[in-house]
Amino acid sequence: MTTIRLTNSTTRKKEDFVPIDPGNVRMYVCGPTVYDRAHLGNARPVIVFDVLYRLLRHVYGPDHVTYVRNFTDVDDKINAEALRRQKAGASGTLEDLIHERTEETIAWYHADMDALGALRPSAEPRATEYIGQMVAMTAALIARGNAYEANGHVLFRVRSYAEYGRLSGRSVDDMIAGARVEVAPFKEDPMDFVLWKPSSGEEPGWPSPWGRGRPGWHIECSAMAQELLGESFDIHGGGLDLQFPHHENEIAQSACAHPHGDFAHYWLHNEMLQVEGKKMSKSLGNFFTVRDLLDRGVDGEVIRLVFLRTNYRRPMDWTEEAKREAIGHLITWNRLKRHHLSDDERLFTGAGADPAVVAALADDLNTHDALKIIYELASKVEVSGALEKDSSLALRLFESLALLGLSRLDPHHQARRIAIAKGFALAVELPKLQSKMEALRTSAQESKDFTAVDALKTALIAAGVEVRMSKAGVELVPGPDFDPAKLEALQ
RNA sequence: GGCGGGUUGGCGGAGAGGUUACGCAGCGGAUUGCAAAUCCGUGAAGACCGGUUCGAUUCCGGUACCCGCCUCCA
């Protein structure tokens with residue numbers, strides 16, 4: 001069996017991955033707070049841990065991996081949006097409006113992440129469905145002396161957990177020395193964090209031994225991981241920005257509430273995303289969502305491929321250049337697929353992936369190296385010629401791509417969908433133009449007068465259509481800037 | 001201020017103490033009505049200063065610069 005090696009944030013070393021139970025490998029990843037569309041940075045952990053999920057399924061079997069990713073649907077940003085809608089005249093209670101907002105956001109999230117080729121996790125628990133477990137865990141922490149009630153809040157007593165700071169390599173004393181935050185006066189210690197806080201009438205709340213209130217942010221992951229994966233499980237993932245304080249606090253809560261468990265054995269953190277070399281932020285004006293890209297005709301697999309070029313532990317840069325290169329590769333693979341497979345609709349599962357690709361992924365998710373092997377494989381398929389359809393080499397190539405979550409291999413798919421949505425009957429009109437082009441070209445090749453052909457070609461290109469001519473014929477592919485209106489004159 | 005990470009050829013971006021990374025772009029050639037695609041070939045690197053070593057881009061130390069987190073932003 002393939003040995004997977006992963007860089008464990010706890011030890012800062014690459015370690016052999018040994019699951020607690022190979023029959024049920026368990027992974028928890030921090031999911032989104034559902035208050036708005038996912039931005040491009042949100043997509044990184046989704047893609048990174050989707051690759052890991054696929055690898056684990058490949059190695060241990062699809063039925064032997066449990067992947068939990070939560071939805072945080074208790075949050076002040078959600079409350080603020082619901083309150084804004086209510087004040088704007090929306091009907092329903094605040095709870096209704098909050099529910100409406102989170103349901104809407106979750107649907108968006110699913111649509112956007114599906115477009116990126118990410119598999120749905122085994123379970124996607126919502127924080128609001130586990131309030132009871134959070135209350136129980138909070139009560140247990142109080143009973144054990146790890147938490148205390150103060151001023152309507154319940155706070156975790158950081159000093160009661162000696163290991164606090166181990167994951168993120170910080171010492172409590174250093175942090176206090178360098179702290180720049182105002183400390184709530186009712187805290188015993190500046191580092192103590194909230195497990196439960198009171199809710200006002202304008203905020204969602206649940207009954208608890210400490211009055212009507214809502215959970216702090218960190219407790220939800222501890223409670224849901226415990227409920228769905230047990231006191232000890234294999235992998236916990238998330239963005240590097242969550243390492244402190246979120247993951248540190250999760251560990252403290254879980255370790256103290258379940259002293260016999262050891263929570264997550266391997267902690268994985270993905271580095272952050274940048275855009276053209278800069279942090280993505282609203283103030284820099286380079287902030288955009290996954291949906292923004294999709295709406296501009298950038299296919300989900302293009303986005304995915306750009307992400308896979310960079311190791312998950314390195315900062316990743318989204319650039320126009322990277323996007324262009326990714327499109328180029330997908331075009332190549334798409335051509336190979338059409339030339340080397342007997343059936344375009346054939347479904348690949350990744351089961352027959354090249355062992356070298358599996359080995360690259362098993363080496364701490366080296367997607368970049370996996371792609372290198374795929375480039376070489378593609379080159380071999382290219383040279384081998386198209387005579388033999390479904391050759392083992394070609395099948396291995398597409399199985400390998402499928403393992404990386406790349407299976408449609410059509411960078412224009414999204415643009416085409418948009419074109420269709422714009423009302424252009426693509427299926428009818430483009431083939432018509434294609435036949436016309438072919439006819440013109442055939443006669444031009446005899447007469448040696450190519451002016452008509454070139455005129456049509458120029459017009460097509462101006463309308464955002466890619467024109468590919470080969471001995472086999474003419475192919476018209478609408479690109480991202482495809483504008484059907486410009487084609488009307490040509491018919 | 002505290003903690004962590006990074007610095008590789010024109011650009012992106014890996015692995016390995018000694019042997020071609022790879023991709024994109026470039027250049028030369030083949031093919032092509034033109035173009036695209038494809039094929040063959042090709043140049044180019046390891047921030048700086050020391051140390052360990054027969055040998056370092058790869059290990060150790062220092063310097064400079066960059067970045068992230070410390071603020072319920074993935």
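Only this structure's heavy atoms are used, side chains among them; waters, hydrogens and symmetry mates stay out. Numbered from 1 within each chain, the chains take letters A, B, ... in sequence-line order.
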Exercise. Using atom P of each nucleotide, how far apart are B:C11 and B:U19 to the nearest Å?
Worked result: 24 Å
Problem set entry | Pairing residues for A:Arg120 by the side chain to side chain contact (heavy atoms under 4.5 Å, CB included) criterion, not counting sequence neighbours | A:His110, A:Asp114, A:Glu124
Problem set entry | Base-pairing string, 5' to 3', of RNA chain B - Watson-Crick or wobble, under 3.5 Å, | interstrand | (((((((..(((.....[...))).(((((.......)))))....(((((..]....))))))))))))....
For this session: Scan A:Arg335 against the nucleic acid and name what it touches under 4.0 Å (heavy atoms): base, sugar-phosphate only, or nothing.
Result: sugar-phosphate
Exercise. What nucleic acid atoms does A:Gln243 come within less than 4.0 Å of, heavy atoms only: base, sugar-phosphate, or nothing?
Worked result: nothing
For this session: In whole angstrom, give the distance that lies between atom CZ of A:Arg5 and atom P of B:G15.
Result: 12 Å
For this session: Remember a base hit wins even if backbone is also touched, and classify A:Asp454 as base, sugar-phosphate or nothing at under 4.0 Å, heavy atoms.
Result: base
Exercise. Can you check whether A:Arg309 has a side-chain N or O nearer than 4.0 Å to OP1 or OP2 of B:A14?
Worked result: no
Exercise. Does one side chain, of A:Thr7 or A:Asp364, offer a donor that lies under 3.5 Å from an acceptor on the other?
Worked result: yes
Problem set entry | Distance between C1' atoms of B:G46 and B:G68 (Å, rounded) | 24 Å
Exercise. Which part of the nucleic acid does A:His246 contact within heavy-atom distance under 4.0 Å: base, sugar-phosphate only, or nothing?
Worked result: nothing
Problem set entry | Whole-Å distance separating the CD atom of A:Glu325 from the C1' atom of B:C22 | 11 Å
Problem set entry | Atom C1', compared across B:A44 and B:U8: separation rounded to whole Å | 12 Å
For this session: Give one of base, sugar-phosphate or nothing for A:Ser168, where a contact means two heavy atoms less than 4.0 Å apart.
Result: sugar-phosphate
Exercise. Which part of the nucleic acid, if any, lies within reach of A:Asn366 when heavy atoms closer than 4.0 Å are counted: base, sugar-phosphate only, or nothing?
Worked result: sugar-phosphate
Problem set entry | Residue met sooner reading RNA chain B from 5', once A:Met272 and A:Arg12 are mapped to nucleotides | A:Arg12
Problem set entry | Protein-nucleotide distance (A:Lys14, atom NZ; B:A16, atom C1'), rounded to Å | 11 Å
Exercise. Does A:Lys77 have a side-chain nitrogen or oxygen under 4.0 Å from the phosphate oxygens OP1 or OP2 of B:C73?
Worked result: yes
Exercise. Could one point to a donor on the side chain of A:His368 or the base of B:A21 with an acceptor on the other under 3.5 Å away?
Worked result: yes
Seminar exercise, completed: For A:Phe450, the ring pair (Phe, Tyr, Trp, His ring centres under 6.0 Å) test, sequence neighbours excluded, returns none
Problem set entry | Spacing of A:Tyr375 atom OH relative to B:G13 atom P, expressed in whole Å | 12 Å
Exercise. When all nucleic acid strands are considered with a 4.0 Å heavy-atom cut-off, which category describes A:Lys457: base, sugar-phosphate, or nothing?
Worked result: base
Exercise. Base, sugar-phosphate alone, or nothing: which one does A:Val46 contact when heavy atoms must sit under 4.0 Å apart?
Worked result: nothing
Problem set entry | Nearest-angstrom distance, C1' atom, B:U42 to B:A25 | 14 Å
Exercise. Can the ring centres of A:Tyr109 and A:Phe71 be said to be less than 6.0 Å apart?
Worked result: yes
For this session: With heavy atoms under 4.0 Å as the rule, sort A:Leu371 into base, sugar-phosphate or nothing.
Result: nothing
